[in-house]
Number of protein chains: 2
Amino acid sequence: MGTREQIVAAADRLFYEHGFEHTSFAAIAEAVRISRGNFYYHFKTKDEILAAVIASRVEATREMLRSWADESGDPAERIRLFIRIVVTNGPDIRAFGCPVGTLTAELAKLRHPSRPEATALFTLFRDWLGEQFTALGHETDADAMAMHVLTFSQGVATLANAFGDEDFVRREVDRLEAWLATC
Amino acid sequence: MGTREQIVAAADRLFYEHGFEHTSFAAIAEAVRISRGNFYYHFKTKDEILAAVIASRVEATREMLRSWADESGDPAERIRLFIRIVVTNGPDIRAFGCPVGTLTAELAKLRHPSRPEATALFTLFRDWLGEQFTALGHETDADAMAMHVLTFSQGVATLANAFGDEDFVRREVDRLEAWLATC
DNA sequence: GTCTATAAGCTGATAGAC
DNA sequence: GTCTATCAGCTTATAGAC
C-alpha cells in the first residue's frame, strides 16, 4: 500500500473515531509514521484529505453493496443484510456511531463544502435499498420504504452509541425484520 | 438576563449550530458582546460552559415535558406531542439535526468527560415516554417502546438534516402515529 | 519522496488595570 | 464586572535540504 493510500486509510479511521475537525495532521502523520512535512507532498489541504476519504468510502460502499447482491438473489434477504449491519458492526457503532450519519451531521454544522459528497454516501444506500423494494413489487413507494430502513439504521446507531445497549439493537433489528416480512 | 445567562444562551445556540469544538470563546464573546477577558470571570474553562449548557438544556427539557403533561392527560396524545417535535422544530432539525443526538455523538468522539450528562438528556425523554407507555398498560415493554420512539426521532432527525426533505419527515411521523394507534 | 525547520494564525487561558 | 494586553501551545501550511 502506497503512502497516499495509507494516509487515506488512517484519516478515514481517525475521522470516524475522533471526528473530522478533531483530527489533526499530526495525528494522521503519526499513525502513518511519516513527518508532517512529507504529508503536504501528498495532500495540500485538510479538505483534500476529506475529499479523498469520502471518495474511498464511496468505493468501499459500492463494493459492499455489490458483495451483498452476490451473496443473495432475494431482495428481502439483501435488505436484511443491510438491516443487520448495526449488529455486524455493533462494537464500532456503539463506540463511534454510524460513519455516514456522524460525518454528514458534522459537515452540516461546519457548513463544509464536501457536505454533498458525504450525503451522497447515504444516497448510495438509499438507491440500492430502493431497487430491492422495487424488485419486491413496491414500485410506487420503494423510495419511501428505503428511507424508512435508513431511518431505522440511523436511529439505532445514534442510540446504540449513546447508551451502548446491545439488547436494544437486537430488539429493533427484530422489529424491523418483522416489518419487512409483512412487505 | 445577567451576563452569565447570556453566555449560556449564546453558547447553547452556537454549540447546536456549529458544534461544541468548532465554537470558540471568541465567537461566544462576540455573540454576547463582551471581551474575551471578561469571559473568564464567568467561566474558567470551556468545559465549564458546556456543563452549564447541558444543565440548562436539562432544565428546559424538564419544563417542556411538564408542559406536555399539562397540555393533555391522555398518554397517547402526550407521546404524539413528542413524535411531532421533528415537525414542530423542522427548520432547525433540517439545518442542524437533533440538539441531543448531535451533541452526544460529538462528545462520544471527543471522549469528553461531560458525555454522561449529555446522555442523561436522552434519559429524560426515555423515562417520560416510558411512563406514558406504562400508563397505556404496557408495563413490561414500556421502556422498549420508549426506545423505539426515540429511535424514530433520531433516525428522522439525521436524515432530515442530510436530505432536507420535509415530506419524508411527514411520512415517517404518519407511520409512527399509525403504529402508536395499534399499541 | 521524505526529511527538518519554521512561519503565521488561532486556540484556550492568565494577569492586572480600571 | 469589565476591560486591555499578553501568553504558551497547537493548528494548518510552507521552504528548502537531502
Side-chain angles (χ1 to χ4, degrees), chain A residues 1-56 102-103 106-115 117-118, chain B residues 1-56 102-103 106-115 117-118:
Chain A
M1 191 160 57
T3 303
R4 197 195 139 95
E5 290 155 298
Q6 283 183 56
I7 290 173
V8 172
D12 190 345
R13 191 69 204 170
L14 287 167
F15 289 173
Y16 179 39
E17 294 186 5
H18 302 126
F20 168 67
E21 193 167 36
H22 191 61
T23 301
S24 66
F25 276 40
I28 305 173
E30 190 188 15
V32 185
R33 279 187 241 254
I34 59 170
S35 70
R36 263 157 293 168
N38 184 10
F39 204 101
Y40 286 88
Y41 172 80
H42 300 278
F43 291 98
K44 285 180 183 64
T45 69
K46 199 178 175 184
D47 289 353
E48 267 185 36
I49 307 171
L50 176 62
V53 166
I54 294 175
S56 160
T102 55
L103 182 65
E106 181 178 6
L107 298 189
K109 287 193 200 277
L110 301 182
R111 287 143 182 80
H112 196 283
S114 285
R115 195 191 164 193
E117 282 71 40
Chain B
M1 190 158 60
T3 303
R4 197 195 139 95
E5 290 156 298
Q6 283 182 56
I7 290 172
V8 173
D12 191 344
R13 191 69 203 171
L14 287 168
F15 289 173
Y16 179 39
E17 294 187 4
H18 306 311
F20 168 68
E21 193 168 36
H22 191 59
T23 301
S24 66
F25 275 41
I28 305 172
E30 190 188 16
V32 186
R33 279 186 242 253
I34 59 169
S35 69
R36 263 156 292 168
N38 184 10
F39 204 101
Y40 286 88
Y41 172 80
H42 300 279
F43 292 98
K44 286 180 183 63
T45 69
K46 196 179 178 184
D47 289 354
E48 267 185 36
I49 308 172
L50 176 62
V53 165
I54 294 175
S56 160
T102 54
L103 182 65
E106 182 177 4
L107 298 188
K109 287 193 199 276
L110 300 182
R111 289 143 181 77
H112 195 282
S114 285
R115 195 192 165 192
E117 282 71 40

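Lettering follows sequence order; numbering is per chain, from 1. Note that the structure is a prediction, hence the values are computed from the model and not measured.
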Smallest separation among heavy atoms of [X] and [Y], with atom names:
X: A:Thr45; Y: A:Phe25; answer: C-CZ, 3.8 Å
X: A:Ile49; Y: A:Ile28; answer: CD1-CD1, 4.3 Å
X: A:Ser56; Y: A:Asp12; answer: OG-OD2, 4.2 Å
X: B:Ala11; Y: B:Val53; answer: CB-CG2, 3.8 Å
X: A:Phe43; Y: A:Ala52; answer: CE2-CB, 3.8 Å

Out of D:dT2, D:dC3, C:dT2, whichever nucleotide has its closest atom nearest the side chain of B:Ile34: D:dC3

Of the listed nucleotides C:dG1, D:dG1, D:dT4, the one nearest the side chain of B:Tyr41: D:dG1

Just how far, in rounded Å, is [atom2] of [N] from [atom1] of [X]?
X: A:Glu5; N: C:dG1; atom1: CD; atom2: P; result: 12 Å
X: B:His22; N: D:dT11; atom1: NE2; atom2: P; result: 16 Å
X: B:Phe39; N: D:dA5; atom1: CZ; atom2: C1'; result: 19 Å
X: B:Phe43; N: D:dG1; atom1: CZ; atom2: C1'; result: 14 Å

Under 4.0 angstrom between B:His42 side-chain N/O and D:dT2 OP1 or OP2: yes

Distance test, side-chain N/O of B:Asn38 to OP1/OP2 of D:dC3, below 4.0 Å: yes

Short side-chain to backbone donor-acceptor contact, A:Glu106 and A:Phe20, under 3.5 Å: yes

Under 3.5 Å donor-acceptor, B:Gln6 side chain and B:Met1 backbone: yes

Stem list, DNA chain C (Watson-Crick or G-U pairing under 3.5 Å, at least 3 consecutive pairs): C:1-18 with D:1-18

Within residues 15-41 of chain B or reaching into it, pairs that qualify as side-chain hydrogen bond (donor to acceptor under 3.5 Å, both in side chains) - sequence neighbours excluded: A:Glu21-B:His22, A:His22-B:Glu21, A:Arg111-B:His18, B:Arg13-B:Glu17

Is there any protein nitrogen or oxygen under 3.5 Å from a nitrogen or oxygen in nucleotides 12-14 of chain D, and what are the pairs?
residue, atom, partner, partner atom, Å
D:dT12, OP1, A:Lys46, NZ, 3.4
D:dT12, OP2, A:Phe25, N, 3.0
D:dA13, OP2, A:Lys46, N, 3.1
D:dA13, N7, A:Tyr40, OH, 3.1

Test item: B:Glu117 and B:Leu50 side chains (from C-beta on) under 4.5 Å apart, heavy atoms: no

